[in-house]
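Please read these numbers as outputs of a predicted model, since none were measured by experiment. Only heavy atoms go into these numbers, but all of them, side chains included; no hydrogens, no water, no symmetry mates.
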Amino acid sequence: MASSEEAIELALQRRGIKKDKDIEELYLSNRGLVEVIDLKRFRYLKKLWANGNKLHRVNFLSVNFRLSELHLHDNQISDVSGCLRHLTCLTVVTLHNNQLTKLDKVMKEFDRMNSLSVLNLFDNPIAQEPEYRLFVINSIPSLTLLDRSEVSKSERDISRRIYHQVEEKIKDKVAFGRASQGPPLLYFPSTSPRKSIPTRPGTGEIANNFLKNSPSFATPEEAVNTRRLKKSLTMYSNFDWGRVPRIQDRRRSEGQFGSPRIITQVYR
C-alpha cells in the first residue's frame with residue numbers, strides 16, 4: 001500500500017510537473033490511502049480527487065483556500081468538524097458513501113460557503129434523519145443540486161416556512177402587490193366626484209386646501225413649516241468596517257468577530 005507522499009510524487013512525475021505552484025488539480029483516487037499528508041505546499045490547488053480510499057478524517061487542507069472542487073466520496077469519513085469551514089471558495093463537494101453522523105455539525109462546516117452549488121451527502125447516516133433534505137436546503141441557500149437532484153423552488157419555500165416561521169408570517173402581512181382600494185381618505189375623504197379646486201386660493205387660506213380638516217395659518221411660512229414636519233423621514237445608512245477583521249483572519253479563527261457598525265443619518 002503506497003503512502004500519500006509516494007502517491008503525490010508519482011502523480012507529479014506522470015504529468016511532468018516540478019513546481020508546487022503549478023499544481024491546480026491533484027488526483028489521489030483509488031490508492032487505498034488511510035491518511036493524506038497536509039497539502040499546504042500546493043497553495044494554488046483548485047481541484048482535489050481523493051475518493052475511493054479509506055480516509056477517516058479530512059485534516060490535510062489547512063491552507064488550501066483556493067480549492068473549488070473537493071471529491072471525497074467512497075471513503076470511511078465519520079467527522080468533518082473543523083476541516084472544511086475555512087474553504088469558502090468551494091463550489092462542488094462530494095461526500096456520499098461515507099459514515100457521516102450529526103447533521104447539524106456537518107452543516108456548520110458549510111455555513112460560510114456562499115458559492116457552494118453542488119453537494120452530495122447520500123449514503124451517509126445523516127441522510128436518514130427526518131427532514132434531512134429541507135434542513136440542508138435551508139442551511140445552504142446557494143445550493144442548486146443536492147444528492148444529484150435539482151433543488152426546486154417549492155422545496156425552498158417549504159424550508160423557509162419550516163425554519164423561518166416568524167419572517168414568513170411578517171411577509172404574509174405586508175400588502176405589497178395587492179390590488180389598490182382607491183386613494184387615501186386623507187386627501188379624498190369621500191367617494192363622490194371631487195369638486196374643482198380653484199387654482200388661485202384666497203389670501204386667507206394659503207396652503208390650506210389640500211389636507212382634510214387642516215387649520216388655517218396666519219402666514220404661508222407657518223403653513224409650509226407645519227407640512228414639512230409631517231413629511232416622512234429619509235434615512236441613509238452605511239457600514240463602518242473598522243471592527244471587521246481581514247478575510248485571512250476570519251478563515252483561520254473559530255472565534256466570534258464583531259459586526260460592522262451601522263451609521264444612520266436621518267433627514268426630513
Side-chain angles (χ1 to χ4, degrees), residues 1-17 20 22-103 105-113 115-129 132-133 136-137 139-140 142-151:
M1 182 185 300
S3 65
S4 59
E5 295 95 329
E6 294 174 351
I8 292 173
E9 294 302 326
L10 180 60
L12 299 184
Q13 290 177 7
R14 287 179 177 178
R15 302 187 61 183
I17 299 177
D20 293 343
D22 294 332
I23 301 297
E24 293 187 355
E25 300 181 4
L26 187 60
Y27 298 86
L28 300 176
S29 303
N30 304 312
R31 303 294 177 87
L33 301 177
V34 178
E35 60 181 9
V36 176
I37 61 170
D38 198 325
L39 301 178
K40 59 185 178 181
R41 56 186 282 200
F42 306 117
R43 293 182 176 271
Y44 297 94
L45 186 65
K46 294 182 179 179
K47 299 180 181 181
L48 174 64
W49 282 263
N51 54 289
N53 291 293
K54 300 178 181 180
L55 302 178
H56 293 271
R57 291 279 294 170
V58 193
N59 54 355
F60 46 84
L61 301 169
S62 60
V63 296
N64 303 102
F65 300 122
R66 291 177 172 83
L67 203 63
S68 62
E69 290 190 20
L70 180 59
H71 302 275
L72 295 171
H73 52 279
D74 301 331
N75 276 286
Q76 300 175 11
I77 301 171
S78 59
D79 188 16
V80 293
S81 300
C83 300
L84 303 178
R85 199 159 186 255
H86 60 289
L87 306 177
T88 56
C89 293
L90 282 173
T91 59
V92 178
V93 177
T94 60
L95 279 166
H96 53 277
N97 195 21
N98 278 285
Q99 302 298 322
L100 293 175
T101 58
K102 298 182 181 179
L103 182 58
K105 288 188 176 181
V106 175
M107 287 301 100
K108 186 178 180 180
E109 294 299 302
F110 301 114
D111 60 3
R112 295 181 179 179
M113 302 180 188
S115 300
L116 185 61
S117 58
V118 179
L119 177 64
N120 286 343
L121 294 172
F122 62 90
D123 289 342
N124 278 283
I126 58 175
Q128 305 301 320
E129 296 190 18
Y132 147 78
R133 184 173 176 88
V136 174
I137 292 174
S139 302
I140 313 175
S142 59
L143 277 184
T144 59
L145 199 67
L146 174 60
D147 293 343
R148 298 178 180 175
S149 296
E150 185 177 0
V151 177

Sort out for me which residue in L48, V92, V93 forms a side chain to side chain contact (heavy atoms under 4.5 Å, CB included) with H71. V92
Any donor-acceptor pair under 3.5 Å from D74 side chain to S29 backbone: no
Nearest non-hydrogen partners of Y132 and I126, listed with the distance: CD1-O, 3.5 Å
Any ion pair linking D111 and R85 (charged N to carboxylate O, less than 4.0 Å)? yes
Just wondering, are more than 12 heavy atoms of other shown residues or ligands nearer than 6.0 Å to CD in Q76? yes
Heavy-atom nearest pair, V136 first then L103, reads CG2-CD1, 4.1 Å
Treating T91 as the side-chain partner and S117 as the backbone partner, does any N or O pair qualify as donor plus acceptor under 3.5 Å? no
Quick one, D147 with S149, criterion side chain to side chain donor-acceptor pair (under 3.5 Å). Give me CA distance, side-chain angles, the key distance, then yes/no. CA-CA 5 Å; D147 293 343; S149 296; over 6 Å; no
What distance do S78 atom OG and K102 atom NZ have between them, rounded to the nearest 0.5 Å? 10.0 Å
For the pair M113 and L84, evaluate side-chain contact (heavy atoms from CB on, under 4.5 Å) and give the outcome as yes or no after the intermediate values. CA-CA 10 Å; M113 302 180 188; L84 303 178; 4.0 Å; yes
Taking R43's backbone N and O only, do any of them form a donor-acceptor pair with D20's side chain (distance below 3.5 Å, no angle check)? no
Backbone N/O of H73 and side chain of N97: donor-acceptor pair under 3.5 Å: no
How many angstroms lie between atom OG of S139 and atom CG of L116, to the nearest 0.5 angstrom? 11.5 Å
Pairwise side-chain contact, L121 with M107, heavy-atom cut-off 4.5 Å (strictly under): yes
Flag side-chain contact, heavy atom, 4.5 Å: R57 against C83: yes
Taking every non-hydrogen atom, the tightest pair across N98 and P125: O-CD, 4.0 Å
Between N53 and A50, the two heavy atoms sitting closest are ND2-O, 3.0 Å
Taking N124 for its side chain and L100 for its backbone only, find out whether a donor-acceptor pair lies under 3.5 Å. yes
Begin from the C-alpha positions of R15 and Y27 and carry the test side-chain contact (heavy atoms from CB on, under 4.5 Å) through to its verdict. CA-CA 11 Å; R15 302 187 61 183; Y27 298 86; 4.1 Å; yes
Approximate separation, where rounding is to 0.5 Å, of L45 CG and K40 NZ: 15.0 Å
Quick one: does I140's side chain get under 4.5 Å of L146's, heavy atoms only? no
E109 and L87: side-chain contact (heavy atoms from CB on, under 4.5 Å), yes or no, with the steps? CA-CA 9 Å; E109 294 299 302; L87 306 177; over 6 Å; no
Just wondering, do I8 and L39 contact through their side chains at under 4.5 Å, heavy atoms? yes
Rounded to the nearest 0.5 angstrom, the CZ-NZ distance for R66 and K46 is 8.0 Å
Please lay out, stage by stage, how L55 and V58 fare under the test side-chain contact (heavy atoms from CB on, under 4.5 Å). CA-CA 8 Å; L55 302 178; V58 193; over 6 Å; no
Within this structure, what is the CD-CG distance for the pair Q128 and D123, rounded to the nearest 0.5 Å? 8.5 Å
Hey, does the side chain of S4 reach the backbone of I37 with a donor-acceptor pair shorter than 3.5 angstrom? yes
Taking atom CG of L70 and atom CH2 of W49, what is their separation to the nearest 0.5 Å? 10.5 Å
Which atoms form the tightest heavy-atom contact between L61 and D38, and what is the distance? N-OD1, 4.4 Å
Between E5 and R41, is the closest basic N to carboxylate O distance under 4.0 Å? no
Contact check, side chains of T94 and N51, non-hydrogen atoms, under 4.5 Å: no
